[in-house]
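A quick write-up on the structure given underneath.
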Amino acid sequence: MSDIKVEGFKSSEILAALAQVFDSYSEEEKKSQIKKTNGIFEMRVKNAEGKEAVWTIDLKSTGTVYKGEPKQKANVTITMSDETFQQLAEGKLDGQKAFMTGKLKTKGNMMFATKLDGILKAAKTKAKL
């Protein structure tokens with residue numbers, strides 16, 4: 001799973017843990033998560049040095065997390081800082097509040113972006129992030 005991690009990005013640790021959670025799901029759990037979410041998130045994260053990294057959370061067909069642009073068109077592209085993503089994943093920041101204050105930007109289906117909170121919470125419970 002180390003292919004997900006990117007030097008200088010704390011978010012990559014969280015996404016690698018999320019990928020491990022997805023990998024640990026049984027086929028039924030994975031199908032259930034895909035059915036419930038049915039979409040693809042493109043995560044664009046900028047770190048303190050201003051570098052950007054891209055990850056994809058595919059909960060439309062494969063139920064995986066990988067580094068790089070989505071192989072299929074994303075339902076939503078979410079752009080935020082490394083720190084903002086970390087706060088979201090830890091539950092210290094609400095996704096809607098982050099959006100309202102300009103810490104998080106979306107392109108595409110904004111309502112679909114709200115599903116990210118649930119995915120992070122479910123993964124946090126399972127992985128103890």
Side-chain angles (χ1 to χ4, degrees):
M1 295 276 84
S2 59
D3 56 332
I4 290 175
K5 292 184 184 172
V6 177
E7 194 69 36
F9 285 88
K10 291 187 178 113
S11 301
S12 68
E13 301 280 331
I14 296 162
L15 287 157
L18 185 63
Q20 285 180 319
V21 168
F22 286 179
D23 284 347
S24 74
Y25 280 163
S26 67
E27 275 307 303
E28 286 78 43
E29 285 176 308
K30 201 175 265 194
K31 280 179 186 157
S32 164
Q33 196 69 2
I34 288 170
K35 188 177 180 184
K36 193 164 61 175
T37 310
N38 190 27
I40 297 172
F41 298 90
E42 180 181 344
M43 312 294 295
R44 294 188 163 272
V45 180
K46 268 200 168 99
N47 68 6
E49 292 98 59
K51 291 183 184 144
E52 187 180 70
V54 181
W55 291 274
T56 299
I57 301 173
D58 181 341
L59 283 169
K60 190 172 196 159
S61 50
T62 59
T64 55
V65 179
Y66 55 88
K67 191 167 71 182
E69 310 247 331
K71 295 174 177 90
Q72 303 175 46
K73 189 179 185 307
N75 293 62
V76 68
T77 300
I78 302 173
T79 308
M80 67 189 115
S81 72
D82 197 29
E83 188 183 331
T84 299
F85 184 74
Q86 203 178 354
Q87 290 173 343
L88 275 175
E90 291 169 357
K92 292 179 181 167
L93 181 66
D94 175 57
Q96 290 172 327
K97 194 176 280 179
F99 178 76
M100 296 298 197
T101 55
K103 290 181 176 180
L104 181 152
K105 293 180 176 51
T106 62
K107 198 167 117 193
N109 185 340
M110 195 170 88
M111 289 313 293
F112 183 75
T114 61
K115 291 185 177 187
L116 183 63
D117 263 350
I119 293 164
L120 291 173
K121 280 187 184 100
K124 187 178 180 188
T125 310
K126 190 137 177 147
K128 305 280 183 273
L129 294 177

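Throughout, residue positions are numbered sequentially from 1 according to the sequence presented. Side chains are part of it too, since the values below use all heavy atoms of this structure and drop only hydrogens, waters and symmetry mates.
Q96 CD: 12 or fewer foreign heavy atoms inside a 6.0 Å radius. Atom NZ of K10 has 12 or fewer neighbouring heavy atoms from other residues, nucleotides or ligands inside a 6.0 Å radius. For E49, the CD atom is densely surrounded, since the number of other residues' heavy atoms within 6.0 Å is greater than 12.
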_Check against side chain to side chain contact (heavy atoms under 4.5 Å, CB included), L116 and M43_ = CA-CA 10 Å; L116 183 63; M43 312 294 295; 3.6 Å; yes

_Working for side chain to side chain contact (heavy atoms under 4.5 Å, CB included), residues T56 and F41_ = CA-CA 6 Å; T56 299; F41 298 90; over 6 Å; no

*I would like to know whether E83 and K46 meet salt bridge (Lys or Arg N to Asp or Glu O under 4.0 Å); could you show each step before the answer?*
CA-CA 9 Å; E83 188 183 331; K46 268 200 168 99; over 6 Å; no

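Of all non-hydrogen atoms in K103 and M80, the two that sit nearest each other are O-CB, 3.5 Å. Of all heavy-atom pairs between G8 and D82, the closest is O-OD2, 3.9 Å. Contact between K30 and Y25 at its shortest, heavy atoms only, is N-CB, 4.0 Å. Residue A113 comes nearest to I78 through the heavy atom pair CB-CD1, 4.0 Å, listed as atom of the first residue, atom of the second, then distance. Taking each heavy atom of W55 and S12 in turn, the nearest pair found is CZ2-CB, 3.4 Å. The two residues S81 and V45 have their closest heavy-atom pair at C-CG1, 3.8 Å.
The CD atom of Q33 sits 6.0 Å away from the CD1 atom of I119 when rounded to the nearest 0.5 Å. Taking NZ of K5 as the reference point, atom NZ of K67 lies at 11.5 Å (rounded to 0.5 Å). Remark: K92 NZ to T84 OG1 distance equals 13.0 Å, nearest 0.5 Å. To the nearest 0.5 Å, the span separating CD1 on I57 from CG on L15 amounts to 5.5 Å. E42 CD to Q72 CD: the interatomic distance, rounded to the nearest 0.5 Å, is 13.0 Å. Between L120 atom CG and I14 atom CD1 the span is 8.0 Å, to the nearest 0.5 Å.
Of the possible polar contacts, none joining the T79 side chain to the R44 backbone as a donor-acceptor pair under 3.5 Å is found. No donor-acceptor pair under 3.5 Å is formed between the side chain of T37 and the backbone N or O of I34. At distances below 3.5 Å, at least one donor-acceptor pair connects side-chain atoms of E29 with backbone N or O atoms of S26. A side-chain donor-acceptor contact under 3.5 Å links N75 to the backbone of I40.
In this structure, the side chains of T77 and T106 stay at 4.5 Å or more apart for every pair of heavy atoms. The shortest side-chain heavy-atom distance between D117 and L88 falls under the 4.5 Å cut-off. Using a 4.5 Å heavy-atom cutoff, the side chains of F22 and L59 are in contact. Side-chain contact between F99 and K105 is absent, with no heavy atoms from C-beta onward closer than 4.5 Å.
Note: F85 and F9 fail the aromatic proximity criterion, with ring centroids not under 6.0 Å apart.
Hydrophobic clustering keeps M111 apart from V76 (ILVMFWY residues linked when any side-chain heavy atoms are closer than 4.5 Å, directly or through intermediates).
One side chain, D58 or S61, offers a donor N or O that lies under 3.5 Å from an acceptor on the other.
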